[in-house]
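Read through the structure below, which is laid out as structure tokens, and then see the notes.
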Amino acid sequence: MSDTVRQDQQDQQDQQKLESFDPATGDVVGVHAVDDAASVEAAVARARASAAWWAGIGFDARAEVLGQWRAVLTRRMAQLADVVHAETGKPHADAQLEIGLAIDHLAWIGAKAEKVLGRHRVSPGLLLANHSASVEYLPLGVVGVIGPWNYPVFTPMGSIAYALGAGNTVVFKPSELTPGVGVWLADSLREVVPDQHLLQTVIGWGETGTALCRADIDKLAFTGSTATGKKVMATCAENLTPVVIEAGGKDALIVDEDADLDAAAEAAAWGAFSNAGQTCIGVERVYVHEKVADDFIGRLSERARAVHAGVDAEAKLGPMTMSSQLEVVRSHVDDAIARGGRAVVGGPESVDDRFAQPVVLVDVPEDSLAVTEETFGPTVVVNRVGCMDEAVEKANAGKYGLGGAVFSGRRGAEIARQLRSGMTSVNAVIAFAAVPSLPFGGVGDSGFGRIHGADGLKEFTYAKAVTRQRMKPVLNLTTFERTEEQDTLFATMLTALHGRASQIGKRPLRERVAAVRERRRG
Ligand code: NDP
């Protein structure tokens with residue numbers, strides 16, 4: 001065998017293997033065979049073969065299986081946390097936290113799926129009073145899930161568990177950085193149901209993801225960056241495959257003048273620095289009322305100085321999982337300072353070739369990269385505002401709209417509702433993600449569609465509507481034998497039912513709205 005042939009064969013073998021690394025040390029922690037398009041299609045075909053069985057066993061049996069899986073995950077939580085720690089570098093306790101939240105969502109799904117999706121009767125309305133009407137939400141079949149690396153259990157499980165709970169089978173492509181976590185998840189469900197393909201993992205880079213988008217799936221749930229989300233959507237459009245896009249964020253935390261500043265600083269520190277800032281719903285910006293800004297910045301800075309990234313026992317933050325992100329973090333800090341912002345904790349020197357230490361930037365111009373683009377590192381921008389309207393306007397100015405938080409004594413809920421984002425916590429941070437009955441998802445460049453909660457279950461179904469005629473109609477509208485007399489009767493009925501609004505049409509809209517409000521209050 002010539003050297004060139006040997007080298008070609010070696011290259012081919014290398015191409016078919018994907019290694020995962022410990023980002024703190026660079027050590028290889030796993031080697032996985034890569035799935036090409038044919039292998040992805042085979043996985044989808046297996047999932048298809050199991051889909052009818054899984055859909056057919058009904059809610060109770062599915063709840064039983066998901067309950068057993070939950071028990072496996074709970075009893076083996078430490079083992080799964082080891083894999084998450086090895087591939088992402090995050091502290092073991094943080095890995096356990098994300099697994100625990102995923103387990104809690106699984107419990108909710110088992111308990112609620114039938115109530116949310118099962119057949120229920122709805123009113124047929126007056127025109128079709130001789131019918132009964134019902135709606136139920138049926139599984140789509142096979143759902144493809146593409147996930148990121150930052151919360152490699154909690155984030156994809158938001159799609160995987162809800163798709164399974166709705167009666168679909170799933171083929172999951174984890175991030176190239178966390179393949180071992182994906183394999184572990186699929187293996188753990190296989191322990192409960194060994195002879196069916198409820199959840200399979202396919203491994204690889206972007207091409208494997210593209211192959212999953214092109215395969216014979218019924219929906220694709222993507223979580224990752226906005227840029228990749230657009231590519232995924234374009235590929236899925238080839239087959240008119242519907243998508244859920246959970247993309248990036250640039251969440252703001254707002255601090256009102258009457259807020260509990262200690263609680264706000266604590267939450268801002270956790271929201272900005274935990275998981276080394278690699279959190280889609282992390283706090284990247286703070287808008288604080290100018291009357292309390294210095295006090296707040298002092299309290300936040302104290303907390304920022306108290307945590308550090310490293311591998312020592314005291315380190316609360318791990319390394320940056322994806323090393324290329326370090327350059328993004330550094331460039332955002334540099335840009336903020338070059339444009340006149342100030343670093344009150346850390347600075348450009350806080351970023352080395354594996355770790356990023358907390359950075360607090362203040363008074364940063366609103367057109368800086370650190371304000372407009374997702375940084376995805378342990379940095380936070382704190383800007384002063386004169387009033388809460390200004391805070392809301394600035395928080396809403398960006399292209400993203402994922403989550404957010406408000407700290408306020410009296411106006412928390414009111415301010416929260418004005419934020420253009422899918423989710424907001426009042427006097428807490430990231431709380432909404434841990435409430436299984438709440439939908440999770442964003443607007444704008446943060447994507448569309450919802451995981452979690454009733455909306456998250458329905459996302460992986462289609463609505464099936466059925467009417468049943470219970471008795472002969474008084475007025476049969478769908479016949480060629482309809483008489484003129486019946487048409488007149490129909491017109492009279494319509495006027496009685498819907499014509500009243502036109503009789504007050506001459507009053508100005510403002511007056512009519514006020515009258516309706518008055519009636520409702522009364
Ligand atoms: P990426 O967009 O880089 O990757 C996401 C997934 O898509 C990975 O599995 C990736 O594979 C895959 N992929 C890459 N290219 C393609 C392609 N052309 N077709 C199909 N799939 C492809 O995101 P990251 O993994 O870097 O995750 C970080 C991002 O995720 C951040 O922007 C963060 O805000 C966002 N995120 C959003 C969340 C939300 O719920 N809204 C939650 C968590 C994170 P590979 O890794 O092999 O390249």
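One-based numbering, in listed order, for ligands and for the atoms of each.
By the salt bridge (Lys or Arg N to Asp or Glu O under 4.0 Å) test, Arg342 is found to be paired with Asp363, residues two or more places apart in sequence or in another chain being considered. In terms of the side-chain hydrogen bond (donor to acceptor under 3.5 Å, both in side chains) criterion, Thr235 has no residue partners (sequence neighbours excluded).
His105 and Tyr162 have perpendicular rings, their planes meeting at more than 60° on a 0 to 90° scale where under 30° would count as parallel.
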side-chain hydrogen bond (donor to acceptor under 3.5 Å, both in side chains) between Trp69 and Ser188, intermediate numbers included:
CA-CA 7 Å; Trp69 190 28; Ser188 64; 2.8 Å; yes

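Side-chain contact check for Thr379 versus Val333: some heavy-atom pair is nearer than 4.5 Å.
Residue pairs meeting the salt bridge (charged side-chain N to carboxylate O under 4.0 Å, His left out) criterion with at least one member in residues 71-84, sequence neighbours excluded, are Arg76-Glu191.
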Name each N or O atom in ligand 1 that is under 3.5 Å from a protein N or O, and give the partner atom and the distance.
unit_1	atom_1	unit_2	atom_2	d
ligand 1	2 (O)	Ser225	N	2.8
ligand 1	2 (O)	Ser225	OG	2.6
ligand 1	2 (O)	Thr228	OG1	2.8
ligand 1	9 (O)	Gly147	O	2.8
ligand 1	9 (O)	Lys173	NZ	3.3
ligand 1	11 (O)	Lys173	NZ	3.0
ligand 1	19 (N)	Thr210	OG1	3.3
ligand 1	23 (O)	Ser225	N	3.4
ligand 1	25 (O)	Trp149	NE1	3.1
ligand 1	26 (O)	Trp149	NE1	2.8
ligand 1	30 (O)	Gly224	O	3.4
ligand 1	32 (O)	Glu374	OE1	2.7
ligand 1	34 (O)	Glu374	OE2	2.5
ligand 1	41 (N)	Ala247	N	3.4
ligand 1	41 (N)	Ala247	O	2.7
ligand 1	46 (O)	Ser175	OG	3.2
ligand 1	46 (O)	Glu176	N	3.0
ligand 1	47 (O)	Lys173	NZ	3.1
ligand 1	47 (O)	Glu176	N	3.2
ligand 1	47 (O)	Glu176	OE1	3.0
ligand 1	47 (O)	Gly204	O	3.2
ligand 1	48 (O)	Glu176	OE1	2.9

